[in-house]
Amino acid sequence: MLENFEKELLKTIADISDLPGAGAFNIRRNGESAGRHSTENIVIEPKKDKPGIDIKVMPFTKHEAVHIPVIVTESGLNDVVYNDFYIGEGAEVRIVAGCGIHNNGDCDSRHDGIHRFHIGKNAKVTYVEKHYGEGEGTGARILNPVTEVFLDEGAECEMEMVQIKGVDSTVRDTKANLAENAKLLITERLMTHGAQTARSDVVINLNGDGSSAQIISRSVARDTSEQIFYPRAVGNSRCRAHVQCDSIIMDSAKIRSIPEIAANHCDAQIVHEAAIGRINNDQLTKLCTLGMTPEDAEQVIIEGFLS
Amino acid sequence: MLELKNLSFTVDGAGRDTEIIRDVSLTVPDGEFLVVTGPNGGGKSTLARLIMGIEQPTAGQILLNGRDITALSVTERARLGVGYAFQQPPRFKGMTVRRLLSLAHGSPLPEDVCCEYLTNVGLCSREYLNREVDGSLSGGEMKRIEIATLMARDLEIAIFDEPEAGIDLWSFSVLVKTFKNLSKRKHKSVIIISHQERIMQLADHLAVIADGAVADYGTKEEIFPRLMNDLNDSCGFREG
Ligand SMILES: Nc1ncnc2c1ncn2[C@@H]1O[C@H](COP(=O)(O)OP(=O)(O)O)[C@@H](O)[C@H]1O
Ligand SMILES: [Mg+2]
């Protein structure tokens, strides 16, 4: 049984407020499975040699979703999990991951999700991952996800990775490898506040002709928090890639953005853009002329920017 | 009713004071449609920003329905029913047209009502609702959405700053109709800063602002012939 605050946590990170009545899911709570269900087309099995699960999506599965949220509510827990996804040829599937930490204690709580995606020929994956921390304790909430994606010929993957708030320290490591005509879209949105730190490394290897990738990173840093972004696109073929980093800086925060583009093939077309700046004054004034206080206006602008 | 009493606005630029608005007094009674015109750089937008509270006057008073609002913030004035459609509206990443209209209105707007506001400014509505008011919209589209945000509000005084800029002829005639009909219904008094004859034709009064002062004021019948004369006279009404 899930406690009420655990249900709230699930809702925040995975849009579900209890164990789903149907569909494939695996809910991990404090390092153990709190519920698991496979369907005819999506089979979830625990790993035998280490913590984690294998998720197998049969070829040509359509219109199905898998929920695999993780919640950590025990202070001091250090949870590491290895999840491998095998998406069959031509399948179309939505994967909802995410991790919520509720830490009321004074010991650090940490979750490292090591996710590996093997996306078969012409398969399409939509992946949503939300990270969130809460709780009154002085113990930190730490999330260090490692994500590796292998896209087979013509495969497509859209990844939305969001850090909502309350995560004290995060080091994100994302790698993707694209075969012929594969397509990848990564949208990263991140907010840090207090004395939080965030680092995100992304490497996209465009190996196959006709492959394309887009990384859109938007972030807001408040208070004394610090962020570092290091997205890299490497073109090894006739490919296209676009890297875009856009940050709003507030208070005494610090942001470093280091987009890198590399071409190892003369038909690689790679572009990057990066911008850091405070909230635009005209935007604030405009919203005040609609009757909002400057504080509410700021909130609305940030919410929109991160939406 | 809006009253401006001996309003001045001075900025210090390069160690020297520059008077941008000089002793402007104007009254806009309820039900009035005032068109403000005059050369570029004359101080029209600055006057609008002073009324909205975006800039603070260095002297003079602003009264709304008899109440002195000179010391009030932008937010407070907005809540009393002052609205200003910017000459250059800012863009917002991640904000949909529908959300912006709802924020302007003060509560979430149903789709059909949003569409009506958009149609009234010459935008084919439904396709715009979920578009973001970001760099993907053209200057003319931004201007029209800006105008729609004032149409979504019941105001004591609505100020539109060169609403015609960047707008094609067809949309412009829709807009003129909207000012004539909708604005009269939703806004107690209207000030439009404009250079367009067709908008001036809607005016009860015209004010010409040049060099930071009211250079001329009167009914359109009085002002129009003088304005045309000035325009033909090479010594007179020149771009500043
Ligand atoms: N805050 C300010 N500081 C310095 N100069 C200003 C300021 N605001 C306006 N101005 C100047 O005042 C003049 C009038 O500008 P504006 O009101 O925009 O004219 P208009 O709208 O009639 O074209 C311009 O020369 C402008 O550069
Ligand atoms: Mg102007």
Side-chain angles (χ1 to χ4, degrees), chain A residues 130 160-165 185-191 214-221 229 242-250 255 257 271 273-307, chain B residues 45 48-56 72-107 109 130-135 142 145-146 148-161:
Chain A
K130 291 182 183 162
E160 187 186 341
M161 303 194 272
V162 186
Q163 178 168 314
I164 302 169
K165 66 172 189 182
L185 168 64
I186 295 180
T187 316
E188 184 178 44
R189 287 180 272 130
L190 197 141
M191 207 263 283
Q214 195 178 1
I215 307 175
I216 302 170
S217 166
R218 283 196 187 167
S219 77
V220 174
F229 293 94
H242 193 137
V243 181
Q244 194 188 333
C245 300
D246 211 338
S247 300
I248 291 180
I249 183 162
M250 299 168 76
I255 303 174
S257 207
V271 178
E273 296 170 65
I276 302 172
R278 57 162 69 242
I279 289 182
N280 176 298
N281 211 35
D282 271 0
Q283 292 178 347
L284 280 176
T285 307
K286 178 75 245 173
L287 294 183
C288 289
T289 69
L290 303 180
M292 256 171 260
T293 62
E295 297 72 34
D296 288 347
E298 202 174 274
Q299 201 51 41
V300 165
I301 292 166
I302 290 173
E303 270 168 26
F305 183 73
L306 292 178
S307 71
Chain B
S45 294
R49 292 162 65 84
L50 286 167
I51 298 169
M52 189 69 243
I54 301 168
E55 304 278 7
Q56 273 301 318
L72 298 189
S73 69
V74 175
T75 308
E76 288 166 314
R77 293 184 206 202
R79 290 179 181 175
L80 290 177
V82 182
Y84 174 44
F86 288 22
Q87 184 168 4
Q88 275 160 338
R91 296 163 189 274
F92 294 87
K93 279 187 182 146
M95 167 109 65
T96 62
V97 171
R98 184 172 183 173
R99 171 118 168 96
L100 185 62
L101 287 176
S102 294
L103 287 172
H105 183 70
S107 61
L109 281 172
N130 295 313
R131 289 209 31 202
E132 288 183 18
V133 277
D134 61 8
M142 282 301 300
I145 287 161
E146 179 77 354
T149 61
L150 287 213
M151 296 302 168
R153 303 169 68 193
D154 295 306
L155 294 168
E156 292 293 310
I157 177 106
I159 310 168
F160 299 91
D161 201 342

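From a predicted model like this one, the values you see are computed outputs, not experimental measurements. Letters go in sequence order (proteins before strands), and every chain restarts at 1.
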- line: Correct closest heavy-atom pair for A:Leu287 and B:Leu100 would be CD2-CD1, 4.4 Å

task: Can you see which heavy atom on A:Lys286 is nearest to which on B:Tyr84, and at what distance?
output: NZ-O, 3.0 Å

Would you give me the side-chain donor-acceptor pairs under 3.5 Å for residues 297-307 of chain A, sequence neighbours excluded?
residue, atom, partner, partner atom, Å
A:Ser307, OG, A:Gly304, O, 2.8
A:Ser307, OG, B:Gly94, O, 3.4

task: Taking the side chain as every heavy atom from C-beta outward, state whether B:Arg79 and A:Thr293 have any atom pair closer than 4.5 Å.
output: yes

Distance, nearest 0.5 Å, that separates SG of A:Cys288 from CE of B:Met52: 9.0 Å

- request: Could you give me the CA-CA distance, side-chain angles and deciding distance for A:Ile248 and B:Lys93, then say whether side-chain contact (heavy atoms from CB on, under 4.5 Å) is met?
  value: CA-CA 11 Å; A:Ile248 291 180; B:Lys93 279 187 182 146; over 6 Å; no

field: Which portion of B:Phe86 sits near chain A, non-hydrogen atoms under 4.5 angstrom
entry: both

message: Taking side chain as everything from C-beta outward and backbone as N, CA, C, O, which of these in B:Arg99 sits under 4.5 Å from a heavy atom of chain A? Side chain, backbone, both or neither.
response: side chain

message: Give me the atom names and distance for the closest heavy-atom approach of A:Thr289 to B:Arg153.
response: O-NH1, 3.1 Å

query: Tell me, side chain or backbone of B:Glu76 under 4.5 Å from chain A's heavy atoms, or both, or neither?
result: neither

- prompt: Which one, B:Pro90, B:Ala78, B:Gly106, leads in non-hydrogen pairs under 4.5 Å with chain A?
  reply: B:Pro90

- prompt: Between A:Asp246 and chain B, which part of the residue has a heavy atom less than 4.5 Å away: side chain, backbone, both or neither?
  reply: side chain

